[in-house]
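Any value given below was found using the heavy atoms of this structure, including those in side chains, with hydrogens, waters and symmetry copies removed.
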Amino acid sequence: MASRSPKRSQKTPVAPQFVKERLETIYGPIEWRPRMVAIDELIFTVLTQNTSDLNAERAYDSLRKGLPTWGQVIEAETDKVAELIKHGGLSNQKSIRIQKILVEILKRLGHFDLEFLAVKPLEETREWFISLPGVGPKTAAVVMAFSLMMPAFPVDTHIHRVSKRIGFIDEKTTADQAHPLMEELIPEDDRYAMHVLLITHGRQICKARIPQCVRCPLASHCPASTAK
């Protein structure tokens, strides 16, 4: 089935503060709530790659029950790790990636406590994460934003789509390219809230195939809106 993504009009792109205020009218104000400690968030985020959050949660829970410590995950046969995380898809690749990440962290630090990174400069922490095997800008930004309370801005498929439609980024901008652009556009204090608001909006209203523009509080200002 072909996508029914709306065509772009000549409307002026929406200002970030306007977007935040309008989205808060339907989703409410957002407060930062840590989900996990950083090492747990990191491995969970690896498991979310190319799958749904629900499948990733099943895979993560299975891994923690089968191998309760990260040291045990390192010592386990890779096939066993893959079997435990099979619900998340791509388990053969992810099991290798997870073990390599954990080994590298243990070699660098001698432990798995990553909270010390929260007090370092934003770019220094980002580079630390990205230098780990198989960790890209999105994974790094998720851990920084959700566990370390740092003003990084993760861009997933929902945020990438919504941001292009409302004019935050150009149509040709990739998700990886969007991370620094969104961080430049959105004030530090608003980044976490805007991340949650945009991802929620992408899931509930600004959907990929059939965006529900008639329900959207941004429709009157959105360049891509089909609402009359």
Check [X] against [Y] and note the closest heavy-atom contact, atom names and distance.
X    : Y    : result
H201 : L218 : NE2-CD1, 4.3 Å
D190 : Q17  : OD2-OE1, 3.5 Å
I74  : Q99  : O-NE2, 3.6 Å
C213 : A219 : O-CB, 3.5 Å
C216 : I205 : CB-CG2, 4.0 Å
L67  : Q72  : C-OE1, 3.6 Å

Checklist entry - I159 and H195: side chain to side chain contact (heavy atoms under 4.5 Å, CB included), yes or no, with the steps? => result CA-CA 7 Å; I159 292 175; H195 169 83; 3.1 Å; yes
Between [X] and [Y], is any pair of side-chain heavy atoms under 4.5 Å apart?
X    : Y    : value
D40  : W70  : yes
L122 : E183 : yes
T139 : L42  : yes
E115 : L148 : yes
T226 : P211 : no
W128 : L114 : yes
I101 : V135 : yes
P34  : E41  : no

Checklist entry - For F153, is the NZ or CZ atom of R191 found under 6.0 angstrom from the centre of its six-membered ring and inside 45 degrees of the ring axis? => result no
Gap between atom [atom2] of [Y] and atom [atom1] of [X] - 0.5 Å precision:
X    : Y    : atom1 : atom2 : value
Y60  : M36  : OH    : CE    : 5.0 Å
I98  : F44  : CD1   : CZ    : 11.5 Å
R97  : N92  : CZ    : CG    : 11.5 Å
L198 : I186 : CG    : CD1   : 6.0 Å
I85  : Q93  : CD1   : CD    : 9.5 Å
I105 : I43  : CD1   : CD1   : 6.0 Å

Backbone N or O of [Y] within a donor-acceptor pair of the [X] side chain at under 3.5 Å?
X    : Y    : answer
R161 : C206 : yes
K94  : G88  : yes
T125 : L117 : yes
K138 : Q49  : no
S62  : A59  : no
R165 : C222 : no
K86  : S91  : no
H179 : A152 : no

Next on the checklist: Does V19 form a side chain to side chain contact (heavy atoms under 4.5 Å, CB included) with L23? I'd like the steps, not just the answer.
Outcome noted: CA-CA 6 Å; V19 171; L23 293 184; 3.7 Å; yes
Item to check | Side-chain ion pair, E83 and K80, N-O less than 4.0 Å | outcome: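 Looking at E83 and K80, the cut-off is not met.
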Please determine whether residues [X] and [Y] belong to a single hydrophobic cluster, defined as Ile, Leu, Val, Met, Phe, Trp and Tyr linked transitively by side-chain heavy-atom distances below 4.5 Å.
X    : Y    : answer
M194 : M150 : no
V143 : V196 : no
M144 : M182 : no
I96  : L84  : no
I26  : L197 : yes

Checklist entry - Is there a side chain to side chain contact (heavy atoms under 4.5 Å, CB included) between L181 and F168 once you walk through the steps? => result CA-CA 9 Å; L181 297 176; F168 280 174; over 6 Å; no
Next on the checklist: Can you tell me which residue among V162, D156, T157, V155 is in a side chain to side chain contact (heavy atoms under 4.5 Å, CB included) with I199?
Outcome noted: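 Of the listed options, the one satisfying the test is D156.
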Next on the checklist: Ring-plane angle category for W32 and Y192, please: parallel below 30°, perpendicular beyond 60°, tilted otherwise.
Outcome noted: perpendicular
Checklist entry - Counting only heavy atoms not in R58, do more than 12 sit closer than 6.0 Å to its CZ atom? => result no
Next on the checklist: Let's go through E127 and E124 carefully: what are the C-alpha distance in whole Å and the side-chain angles of both, what is the deciding distance for side chain to side chain contact (heavy atoms under 4.5 Å, CB included) to 0.1 Å, and is it a yes or a no?
Outcome noted: CA-CA 5 Å; E127 288 303 317; E124 184 177 335; 6.0 Å; no
Next on the checklist: Between S131 and R108, is there a side-chain donor-acceptor contact under 3.5 Å, judged purely by atom types and distance?
Outcome noted: yes
